[in-house]
Amino acid sequence: MSAEVYLTKLSADDKDLDGVASAYLEFAPNDCNDVAVAVDGLKSYITGMNSYFKSDVFAINTSEKDSSVGFMSVCPNGCKVTIEDLFISQEMRKLGVGRAAIEALGGVYPHVAFIELLSVSSAEGFYARIGFELVIPATDTQMSLWRKNLY
């Protein structure tokens, strides 16, 4: 992908979440297709991640699209950041957007030495291809843990 990928930190108080809600619609748990309902769901998601998990939620944007192409939530903790959710819209997958969004975290958190995440088995190949190392393999009751050193 040649387009620039950048992250925009979100707040539930943001006035215009419609552009992010369109990306959120694809991942909404109840097959919602109403943007107003999706905005409410997105606000609840942001509030929950900010309050309960102390996580930051970012819209993933590109220089080629007017609306967001995904979003991610991350929890900074000292020298590491943990990616809790990473969603890229179906039409933007396999274009380098996910990789670029993860790399952009280094600019948002310049003090961070490594990134960790838990992965479902279907995404493990992606994380391996973009430089994450398997730390703990998945079991029947636990997702796999992956880590990527930033320097």
Side-chain angles (χ1 to χ4, degrees), residues 1-29 32-33 35-51 53-135 143-151:
M1 166 166 224
S2 60
E4 180 183 353
V5 173
Y6 57 97
L7 304 177
T8 304
K9 189 172 178 180
L10 299 174
S11 165
D13 298 331
D14 288 343
K15 299 290 184 232
D16 184 21
L17 289 175
D18 289 0
V20 183
S22 62
Y24 181 78
L25 276 171
E26 191 171 330
F27 305 101
C32 171
N33 61 5
V35 173
V37 173
V39 166
D40 288 342
L42 183 58
K43 285 180 179 182
S44 293
Y45 174 81
I46 294 168
T47 299
M49 295 308 282
N50 290 169
S51 300
F53 296 106
K54 305 298 183 224
S55 300
D56 297 326
V57 179
F58 295 93
I60 301 169
N61 301 292
T62 71
S63 56
E64 293 181 348
K65 294 277 189 182
D66 291 337
S67 61
S68 297
V69 298
F71 60 97
M72 76 165 87
S73 62
V74 299
C75 182
N77 185 5
C79 66
K80 77 173 180 176
V81 66
T82 301
I83 298 175
E84 294 166 329
D85 290 319
L86 172 62
F87 299 104
I88 305 297
S89 66
Q90 188 70 35
E91 71 172 299
M92 298 304 290
R93 292 182 187 164
K94 299 188 181 195
L95 298 175
V97 174
R99 174 193 307 252
I102 290 169
E103 289 172 0
L105 288 174
V108 175
Y109 305 104
H111 62 283
V112 167
F114 61 95
I115 298 171
E116 286 188 341
L117 57 87
L118 294 173
S119 178
V120 295
S121 60
S122 62
E124 289 180 348
F126 166 71
Y127 293 116
R129 281 191 307 279
I130 66 169
F132 279 80
E133 295 180 20
L134 180 62
V135 177
M143 294 189 284
S144 55
L145 175 65
W146 293 78
R147 178 178 294 150
K148 180 175 184 170
N149 292 327
L150 296 180
Y151 50 88

Would you name the heavy atoms of L7 and M72 that are closest together and state the gap between them?
-> CD2-CE, 4.1 Å

Shortest non-hydrogen separation from K65 to M92 and the atoms involved | CE-SD, 3.7 Å

Any idea which heavy atoms bring T47 and A12 closest together, and the distance?
-> OG1-CB, 3.3 Å

Checking side chain to side chain contact (heavy atoms under 4.5 Å, CB included) for the pair I115/F132: CA distance, chi angles, key distance, verdict?
-> CA-CA 9 Å; I115 298 171; F132 279 80; 3.9 Å; yes

Side-chain touch V112/L105, heavy atoms, less than 4.5 angstrom = no

Is it the case that S73 and Y45 place a side-chain donor and acceptor less than 3.5 Å from each other?
-> yes

Compare every heavy atom of R99 with every heavy atom of F126, then report the nearest pair and how far apart it is.
-> CZ-N, 3.9 Å

Is there side-chain contact between I60 and S68, with heavy atoms separated by less than 4.5 Å?
-> no

For the residue pair P76 and K54, what are the closest heavy atoms and their distance?
-> CD-O, 4.1 Å

Where is the tightest heavy-atom contact between K148 and G131, given as atom of each residue plus distance?
-> CG-O, 3.8 Å

Y127 and W146 aromatic ring geometry - parallel, tilted or perpendicular at 30°/60° bounds = tilted

Atom CD1 of I130 and atom CD of E103: how far apart are they, to the nearest 0.5 Å?
-> 7.5 Å

Which residue, N50, I46, D56, forms the side-chain contact (heavy atoms from CB on, under 4.5 Å) with L10?
-> I46

Between atom CZ of F71 and atom CD of E26, what is the distance when rounded to the nearest 0.5 Å?
-> 9.5 Å

Main-chain N/O of V69 paired with S89 side-chain donor or acceptor, under 3.5 Å | yes

Check: K43 side chain, L17 main-chain N or O, donor-acceptor pair, under 3.5 Å = no

Mark yes when over 12 heavy atoms from residues, nucleotides or ligands other than D66 sit less than 6.0 Å from its CG; otherwise mark no.
-> no

Considering only heavy atoms from C-beta outward, does the side chain of D85 approach that of M49 to under 4.5 Å?
-> yes

Pairwise side-chain contact, E116 with R147, heavy-atom cut-off 4.5 Å (strictly under) = yes

Rounded to the nearest 0.5 Å, the CG atom of L118 sits from the CD1 atom of I83 at a distance of 11.0 Å

Spacing of CG belonging to L150 relative to NZ belonging to K80, to within rounding of 0.5 Å | 13.0 Å

Just wondering, do V74 and Y109 contact through their side chains at under 4.5 Å, heavy atoms?
-> yes

